[in-house]
Number of protein chains: 2
Amino acid sequence: MTDTAPRPTLEAVAARAGVSRATVSRVVNGGDGVRDNLVERVRKAVDELGYVPNQAARSLVTRRHDAVAVVVAEPETRVFADPFFALQLRGISKELTAHDNQLVLLLTEGRDDHARVGRYLAGGHVDGALVFSLHLDDPLPELIQRAGVPTVFGGRPGWSGDRRGVVYVDSDNRGGARDAVRHLAGLGRTRIAHITGALDQTSAVDRLDGYRDVMVDADPRLIAEADFTPAGGERAMRELLDRCPDVDAVFAANDLTASGALRVLRETGRRVPDDVAVIGFDDMQPVAEQTDPPLTTVRQDIEEMGRLMARLLLRGLDRGAPREGVAGRPSSVVLPTTLVRRASA
Amino acid sequence: MTDTAPRPTLEAVAARAGVSRATVSRVVNGGDGVRDNLVERVRKAVDELGYVPNQAARSLVTRRHDAVAVVVAEPETRVFADPFFALQLRGISKELTAHDNQLVLLLTEGRDDHARVGRYLAGGHVDGALVFSLHLDDPLPELIQRAGVPTVFGGRPGWSGDRRGVVYVDSDNRGGARDAVRHLAGLGRTRIAHITGALDQTSAVDRLDGYRDVMVDADPRLIAEADFTPAGGERAMRELLDRCPDVDAVFAANDLTASGALRVLRETGRRVPDDVAVIGFDDMQPVAEQTDPPLTTVRQDIEEMGRLMARLLLRGLDRGAPREGVAGRPSSVVLPTTLVRRASA
DNA sequence: GGCGTGCGCGAGAGCGCTCTCACCAGTGTG
DNA sequence: CACACTGGTGAGAGCGCTCTCGCGCACGCC
């Protein structure tokens, strides 16, 4: 398709400006140590010819790509079910763009794909990687570690391997959960239940831990396991009502789960929040605002998480920031959450 | 970080296998015309050394990148508000992966970014582009056309420029809308209203056209304009009830809008579907299944759209398919939709 | 046995860039 | 006035790969 006209090379620009390739290269890469009038001449030639550097040739010698891989491990279908992923991606994209880096997206699907991703990363196509891998038993983190690619994880990797040098960005799931449960307690609720997320993910475990931090002696029957889905929420809520009909508050592991719980409560004739107060997690707009009643929930700044991941990675690559000495090695960050009060609690 | 061990080159593999670079290259690229025992020897050397071809060096000479850009034009916040985007991306990713192509994601934010994207595409970093640009007045398509990069659009580009050679993949928005409205009519409804989407997007226009196809002499007061959001749906529904209190069915431009409409109907004491039947569009899982009552809606196969876009592009690049003569130039595709019956109509 | 034929392989050029190094002013110093 | 010294510039090597070309060899034909 569209036979591209042969693109001008450094050589051509040099000829037109009447200087050497080296000088053009210097100008293109910042222009330090070149006399102003020459810089001018070269710039002009570049514009006239519409010269754009050939990235492949450049990478070949510099061994830099100005590209970062974003790896999303399937079957994180959850990642697709909510805008989480898109928002995070947007944050990442903004930050990378600001530092002239490209975003190479790697979506994995099943086990074979892990090998593919490992190969790709080891292949040195990118300078670093941002990895989303929420499951505890995911082999990806190890694989990546072995590939020797600078990496920042999205969410605390629940991972038994070597922890040294692992950098991640996460929300304060535990703290957010505590806030939610405390809020319910502050409302005078005493039979506060928790519907967990999928416990093979660190975020679910952390939220459960936060619940336990406050409900130190919680009746174990007040904890029902679910999987971050509305259907799971319904099932868990029924269980809960079965075991403890007098439950007066529910902290659900996320908004989707809460929406399922809400529906069961309505079906069984409970008024929310009068009879049972409900709090979710995520502040996932289309869900939290559309439930009946609108959901009180714990918000996390998802886009900021993405941006921060990218920033940490670039810093680790000695880019995107004036190198702050040798000590600039990034470390993990946990972002705060905020309770958003709506009508359900 | 992690000083990468110097990666083995073709040269090294050649030395170890006792053959020339050329032969190694042949083996790595398919191994045609090399005797079996040599192929064997080379493969062994490759494995032992953990050789991975340097893509930059390869691109430098082949002028191929095996990479495709996916451009998502902001402020398509809508794209982020629903799983649409993620699903499409997944479809694209699957197809690209199957043909060993990388996915470079370009998210744009505001006008400056258009220039950036244009520069990037013109810079010949990728072999082709998949572009999502839903707004009628978006300058991006023209820009890309000028960059001379093979492109497939997601959704019919509403675009006044030169149409020749424009390839897109879209859902049958118009046909889906017709099905929905016919279904309502089949239910015996006669006062069928339509809440439109944002009419600066072709999908919204097409759905409106579909509605009009069936409701040829529709009372104009039965059409209310909204913007694909729940809030817009609420507003439009109130308008509608105000103008025509006897409305007995609503076809909303998408599920989000329908959810807003549903809420207003409930508030005003209408029973759904008994008093007013409601149909949405998209079959966006977390919304359509969670509304009360669950939403009847028009489903589009979003992932397939993505996959198809990628397939068309690769075919246009003479890849991913045995070249079917010169006639293999791809043309646009419109995918069918299906009506999903739930409780609301 | 001489000759054409075709296949398998190696030699070598060159893709477009960066970067080191040597060179050539021009300036300041003894 | 000879000397080092500096800062701007060009020459040239080389990054790791692909691909064309030509050579050598085995085969089949006359």
Side-chain angles (χ1 to χ4, degrees), chain A residues 3-43 45-46 49-67 100 122-127 319, chain B residues 3-43 45-46 49-67 100 122-127 319:
Chain A
D3 249 342
T4 31
R7 293 207 288 132
T9 69
L10 254 201
E11 191 78 48
V13 178
R16 185 175 192 103
V19 297
S20 72
R21 279 201 329 271
T23 297
V24 178
S25 177
R26 280 187 270 261
V27 171
V28 169
N29 292 293
D32 303 327
V34 178
R35 227 156 357 217
D36 290 356
N37 63 329
L38 277 197
V39 171
E40 191 74 10
R41 280 227 310 270
V42 171
R43 289 253 161 80
V46 166
L49 294 174
Y51 170 75
V52 186
N54 179 320
Q55 187 59 42
R58 182 179 274 177
S59 296
L60 183 55
V61 28
T62 59
R63 278 115 203 294
R64 279 183 45 164
H65 300 86
D66 293 314
D100 270 316
H125 302 277
V126 291
D127 301 327
R319 303 223 257 290
Chain B
D3 249 341
T4 31
R7 293 208 287 133
T9 70
L10 252 202
E11 191 77 50
V13 178
R16 185 176 192 102
V19 298
S20 72
R21 277 198 333 267
T23 297
V24 179
S25 177
R26 278 187 271 260
V27 171
V28 169
N29 293 295
D32 303 327
V34 179
R35 222 149 9 210
D36 289 356
N37 61 330
L38 276 198
V39 171
E40 191 75 11
R41 278 222 317 265
V42 171
R43 290 254 161 81
V46 165
L49 295 174
Y51 170 75
V52 186
N54 180 321
Q55 186 60 42
R58 183 180 274 175
S59 296
L60 183 56
V61 28
T62 58
R63 278 116 200 295
R64 280 182 44 167
H65 300 85
D66 294 314
D100 269 316
H125 302 277
V126 292
D127 302 325
R319 304 227 256 290

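Residue numbering restarts at 1 for every chain, and letters A, B, ... go by the order of the sequence lines. All of these numbers come straight from a predicted model, not from anything done at the bench. All values below come from the heavy atoms of this structure, side chains included, with hydrogens, waters and symmetry mates left out.
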Mind listing the closest non-hydrogen atom pair of B/V28 and B/Y51 along with its distance? CG2-CE2, 4.1 Å

Counting side-chain heavy atoms from CB outward, which of D/dT9, D/dT18, C/dG10 is closest to B/S25? D/dT18

Let me confirm one number: the CG-OG distance from A/D127 to A/S59, rounded to the nearest 0.5 Å. 8.0 Å

Can you check the A/R35 CZ to D/dG10 C1' distance for me, whole Å? 13 Å

Closest to the side chain of B/T9, out of D/dG16, C/dT18, D/dT18, is D/dG16

Return the value, rounded to whole Å, for the distance between atom CG of B/N54 and atom P of C/dG16. 16 Å

Map B/A22 and B/R63 onto DNA chain C by nearest heavy atom, then report which one ends up closer to the 5' terminus. B/A22

Euclidean distance, atom CG of residue B/D32 to atom P of D/dT18 [Å, nearest integer]: 14 Å

Less than 4.5 Å apart, side chain to side chain, heavy atoms only: is that true for B/V34 and B/T23? yes

How close or far is atom P of C/dC15 from atom CG of A/L10, stated in whole angstroms? 13 Å

Between C/dT18, D/dG10, C/dC9, which one does the side chain of A/T23 approach most closely? D/dG10

Find the distance A/R58:CZ to D/dG16:P and express it as a whole number of Å. 18 Å

Please report the distance, rounded to the nearest Å, between CD in A/E11 and C1' in C/dT18. 14 Å

For B/V34 and B/L60, find the nucleotide of DNA chain C closest to each by heavy atoms; which residue's nucleotide sits nearer the 5' end? B/V34

Which nucleotide in the list D/dC17, C/dG10, C/dC17 gets nearest to the side chain of B/V19? C/dG10

Residue B/R26, side-chain heavy atoms: nucleotide from D/dT9, C/dG10, C/dT18 that is nearest: C/dG10

Supply the atom-to-atom distance B/R16 CZ to B/R41 CZ, rounded to the nearest 0.5 angstrom. 12.5 Å

If we ignore hydrogens and angles and just use 3.5 Å, is the side chain of B/T62 paired with the main-chain N or O of B/R58 as donor and acceptor? yes

Nearest-Å distance, NE2 (B/H125) to C1' (C/dC17)? 14 Å

Consider the side chain of B/N29, meaning its heavy atoms from C-beta on, and name the nucleotide among D/dT9, D/dG16, D/dT18 that approaches it most closely. D/dT18

Rounded interatomic separation in angstrom, taking OH from A/Y51 and C1' from C/dG16: 7 Å

Polar side-chain contact B/R21-D/dT18 base: donor and acceptor under 3.5 Å: yes

